[in-house]
Amino acid sequence: MLSIYNDLTRTKEPFEPLQPGKVNMYVCGMTVYDLCHLGHARVMVVFDVVYRYLRSIGFDVTYVRNITDIDDKIIARANERGEPFSELTNRFIAAMHEDADALGVLPPDQEPRATGHLPAIIRMIGRLIERGHAYVADNGDVYYDVRSFPEYGKLSGKSIDDLEAGARVEPGEVKRDPLDFALWKAAKPDEPAWDSPWGQGRPGWHIECSAMSTEALGDTFDIHGGGADLTFPHHENEIAQSEGATGHPFVRYWMHNGFVRINDEKMSKSLGNFFTVREILERYRPKEVRYFILTSQYRSPLNYDEEHLENARAALTRFYTALRGLPDAEPKGAEEFEQAFHAAMQDDFNTPEALAAMFELVREINRVRQAAPDVAAGLAAALRRMGDALGILQQEPEAYLRAAADDDGMSDSEIDALIKKRQQAKQDKDWAEADRIRDELQGAGIVLEDGPGGTTWRRG
RNA sequence: GGCCGAGUGGCAGAGUGGCUAUGCAGCGGAUUGCAAAUCCGUGGACCUCGGUUCGACUCCGGGCUCGGCCUCCA
């Protein structure tokens, strides 16, 4: 039985979707005014694993991940660059898709953009006004009236009064309460704007997620995810909006992934201490980055450190080395390891423990591969199937082991020629020459392995 | 200040009221022309102070330290 830590109740709960066999999930994606950084990568990978795993155990999953393609920062950045905002956002959407692909993140079933769903957004705002949860301010903005929603704060564990104590009141404030937040922002000169019953303007940040998730998945759906920094105010506001508008419970299980940290400090754009996915991919292979993300449980912090990426590299080499040279087969004989793997995954997607089960399977494969290759092949197939659920170990082992992060070294044919030459030296028992060639290759980052079936190599 | 979360062996990172996590690194052995890979074995830990208990790293309470949210942020 799968259990999921639900931030709404702060406990692990057995996972029971609204409709048996069917899971609807929504994840807050990115605001596209810049390149993805590691924090975005973590969200994408974490929920990609949730998606893959739910599917692997037989659920029919509809996965929606939105794109915020209109907001203050986008407008500001587009103005800085003197280009239409949609050119800016299209460029960064394309870049995000490339990064996601590289990391092995499956495309979600739907990827709605705020600008493509203005009618649904406007409809929901209208509904909130009708139901007494929102009001039009003097300047044409529309605000959510937090005092009208008694459960405000239930996700983040805050009370309106506590929040109010520390709230700042801006000069010229048009809100009734400092905590009220914008559903619709009246257009200022030279800003992108859409028509609405309240005049020209654009949606506030929070309303798009309520409108698009409800439109795609219904008033109530199963899983809503995102980074932990979205708990408050973003997700709190989504609950107020959706439940205020529909009168139905919004989300059954709230999941938030922990932060990526660097030097034990949150990695974020406002602190300016972030690495983009692209910068990291200049030095490490995409699957190493993905593996690194999976080495900690999704709710724990993930500290960025070169040593950890090196560790990921070593771990993947161990996996692929175990898979190498074994024929395709039906998964067989690994029941005990599969059981451990599933127990880990079903305990709130405990990927580090799931990986531990996979490593134990690796050892078993290596133990039996010599004496019983067919048994090893069945075990290897089981290992690959576990890898599928995590989105790793998808490549041909030999291809993986021979590929380099940056292949500016020797070509495969040069390597083969040198190995052949060394083979001759070995036959002649010219160990000095054989070792010299091996050292030469070593210097170029090539590791040789002499086995009973001849010499194999990999880029180390 | 309010609210959350965390403190595990050299590093990373799970977990459990009494039983080897796992990976990398170390040490010993097997294997190898020597290596590499692999296998076998092995040392090393649970922030601190109390409490509960036959027994706590694991439960409860205090303390200390660190991180996060309370403003845009994945």
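Below, chains carry the letters A, B, ... as their sequence lines are ordered, and counting in each starts from 1. Worth knowing before you read on, the calculation uses all heavy atoms, side chains too, and leaves out hydrogens, waters and symmetry mates.
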Donor-acceptor pairs under 3.5 Å, side chain of residues 436-444 of chain A to any protein atom, not counting sequence neighbours: which ones?
{"from": "A:Arg436", "atom 1": "NE", "to": "A:Glu433", "atom 2": "OE1", "distance (Å)": "3.1"}
{"from": "A:Arg436", "atom 1": "NH1", "to": "A:Glu440", "atom 2": "OE1", "distance (Å)": "3.3"}
{"from": "A:Arg436", "atom 1": "NH2", "to": "A:Glu433", "atom 2": "OE2", "distance (Å)": "3.2"}
{"from": "A:Arg438", "atom 1": "NH2", "to": "A:Asp435", "atom 2": "OD1", "distance (Å)": "3.4"}

Please output the side-chain donor-acceptor pairs of residues 370-378 of chain A that fall under 3.5 Å, not counting sequence neighbours, one pair per line with the distance.
none

Note: contacts of residues 358-369 of chain A with RNA chain B (heavy atom, under 4.0 Å) are A:Phe359, A:Glu360, A:Arg363, A:Asn366, A:Arg367
Scanning all shown strands, the Watson-Crick or wobble mate of B:U52 with both distances under 3.5 Å is none
Practice item. Report which part of the nucleic acid A:Lys269 touches: base, sugar-phosphate, or nothing (heavy-atom distance under 4.0 Å, all strands). Key: nothing
Taking only Lys NZ, Arg NE, NH1 and NH2, and the carboxylate oxygens of Asp or Glu, determine whether A:Arg202 and A:Asp72 approach each other closer than 4.0 Å.
yes
Contacts of A:Asn350 and A:Asp71 projected onto RNA chain B by closest heavy atom; the upstream (5') one is A:Asn350
Please list each protein N or O that sits under 3.5 Å from an N or O in nucleotides 34-37 of chain B, with the distance.
{"from": "B:C34", "atom 1": "O2", "to": "A:Arg438", "atom 2": "NH2", "distance (Å)": "2.4"}
{"from": "B:C34", "atom 1": "N3", "to": "A:Arg438", "atom 2": "NH1", "distance (Å)": "2.8"}
{"from": "B:C34", "atom 1": "N3", "to": "A:Arg438", "atom 2": "NH2", "distance (Å)": "3.3"}
{"from": "B:C34", "atom 1": "N4", "to": "A:Asp450", "atom 2": "OD2", "distance (Å)": "3.3"}
{"from": "B:A35", "atom 1": "N6", "to": "A:Asp450", "atom 2": "O", "distance (Å)": "3.0"}
{"from": "B:A35", "atom 1": "N1", "to": "A:Asp450", "atom 2": "N", "distance (Å)": "2.9"}
{"from": "B:A35", "atom 1": "N3", "to": "A:Arg438", "atom 2": "NH1", "distance (Å)": "3.1"}
{"from": "B:A36", "atom 1": "N1", "to": "A:Asp450", "atom 2": "O", "distance (Å)": "3.4"}
{"from": "B:A37", "atom 1": "O4'", "to": "A:Glu449", "atom 2": "OE2", "distance (Å)": "3.4"}

**Asked** Is there a side-chain contact between A:Glu111 and A:Met96, using heavy atoms and a 4.5 Å cut-off?
**Response** yes
Between CZ of A:Phe292 and P of B:U22 the distance, given in whole Å, is 22 Å
Contacts of A:Ala134 meeting side chain to side chain contact (heavy atoms under 4.5 Å, CB included) (sequence neighbours excluded), chain-then-number -> A:Leu128, A:Ile129, A:Val142, A:Leu183
Re B:U58: Watson-Crick or G-U wobble partner, both distances kept under 3.5 Å, found to be none
Residues in residues 91-107 of chain A with a heavy atom under 4.0 Å of RNA chain B, by number, are none
Those residues at least two apart in sequence (or on a different chain) that pass side-chain hydrogen bond (donor to acceptor under 3.5 Å, both in side chains) with A:Glu98 are A:Arg278
Side-chain contact check for A:Ala356: nearest option of B:A14, B:C73, B:U22 is B:U22
note: A:Leu294, atom CG; B:U22, atom C1'; distance rounded to Å ~ 15 Å
Between CD1 of A:Ile160 and C1' of B:C69 the distance, given in whole Å, is 17 Å
Taking OP1 and OP2 of B:A12, is either one under 4.0 Å from a side-chain nitrogen or oxygen of A:Asn303?
-> no
For residues 346-395 of chain A, the ring pair (Phe, Tyr, Trp, His ring centres under 6.0 Å) pairs (sequence neighbours left out) are A:Phe319-A:Phe359
Using Watson-Crick geometry (N1-N3 plus N6-O4 or O6-N4) or G-U wobble (N1-O2, O6-N3), each under 3.5 Å, B:G17 is paired with none
note: A:Tyr291, atom OH; B:A12, atom P; distance rounded to Å ~ 15 Å
query: With no hydrogens and no angle check, is any side-chain donor or acceptor of A:Arg252 less than 3.5 Å from a backbone partner on A:Phe15?
result: no
Looking only at B:C72, B:G23, B:A74, the nucleotide nearest the A:Ala315 side chain is B:G23
Let me check something: any side-chain donor-acceptor pairs from residues 384-393 of chain A under 3.5 Å, sequence neighbours excluded? List them with distances.
{"from": "A:Arg385", "atom 1": "NH2", "to": "A:Glu338", "atom 2": "OE2", "distance (Å)": "2.8"}
{"from": "A:Asp388", "atom 1": "OD1", "to": "A:Gln394", "atom 2": "NE2", "distance (Å)": "2.9"}

Applying the 3.5 Å cut-off to both distances, the Watson-Crick or G-U partner of B:C39 turns out to be B:G29
The single option from A:Asp348, A:Asn257, A:Thr351 that satisfies side chain to side chain donor-acceptor pair (under 3.5 Å) with A:Tyr298 is A:Asp348
Note to self: Should A:Phe259 be counted as stacked on B:G67, where stacking needs a ring-centre gap under 5.5 Å and an angle between planes under 30 degrees?
What the structure shows: no
| said: What I want to find out is whether A:Asp416 reaches A:Lys420 closely enough, with some N-O distance under 4.0 Å, to be called a salt bridge. | reply: no
The side chain to side chain donor-acceptor pair (under 3.5 Å) partner of A:Asn237 among A:Tyr144, A:Tyr152, A:Trp205 is A:Tyr152
In whole angstroms, the gap separating C1' of B:A12 from CD of A:Glu353 amounts to 16 Å
Between A:Glu265 and A:Leu38, whichever has its closest RNA chain B nucleotide further toward 5' is A:Glu265
Side chain to side chain contact (heavy atoms under 4.5 Å, CB included) filter on A:His37, not counting sequence neighbours, yields A:His40, A:Lys269, A:Phe274
NA contact type, A:Ser300, heavy-atom cut-off 4.0 Å: base, sugar-phosphate, or nothing?
sugar-phosphate
Tell me what A:Asp305 touches on the nucleic acid: a base, only sugar-phosphate, or nothing, going by heavy atoms under 4.0 Å.
nothing
To the nearest angstrom, the CG-P distance between A:Leu230 and B:G68 comes to 16 Å
Check the interface with nucleotides 3-11 of chain B: list each N/O to N/O pair with the protein under 3.5 Å, or write none.
{"from": "B:C11", "atom 1": "O2'", "to": "A:Glu307", "atom 2": "OE2", "distance (Å)": "3.2"}

- Message: Using a 4.0 Å heavy-atom cut-off, does A:Gln297 contact any base of the nucleic acid, only the sugar-phosphate backbone, or nothing at all?
- Response: sugar-phosphate
Students often get this wrong, so: under 4.0 angstrom with heavy atoms, is A:Val260 touching a base, only sugar-phosphate, or nothing?
base
Q) With a 4.0 Å cut-off on heavy atoms, is A:Thr231 in touch with a base, just the backbone sugar-phosphate, or nothing at all? A) nothing
Q. When all nucleic acid strands are considered with a 4.0 Å heavy-atom cut-off, which category describes A:His37: base, sugar-phosphate, or nothing?
A. base
By the 4.0 Å heavy-atom rule, please label A:Lys73 as base, sugar-phosphate, or nothing.
base
### Message
What contact category does A:Met44 fall into here, base, sugar-phosphate, or nothing, at under 4.0 angstrom with non-hydrogen atoms?
### Response
nothing
- Stepwise salt bridge (charged side-chain N to carboxylate O under 4.0 Å, His left out) check, A:Asp161 with A:Arg147: CA-CA 10 Å; A:Asp161 294 331; A:Arg147 292 280 176 189; 3.3 Å; yes
Residues passing the side chain to side chain contact (heavy atoms under 4.5 Å, CB included) test with A:Ala417, sequence neighbours excluded, are none
Any strand, both distances under 3.5 Å, Watson-Crick or G-U wobble: B:C3 pairs with B:G68
| message | Using a 3.5 Å distance criterion without hydrogens, assess whether the side chain of A:Asn6 forms a donor-acceptor pair with backbone atoms of A:Trp254. | response | yes
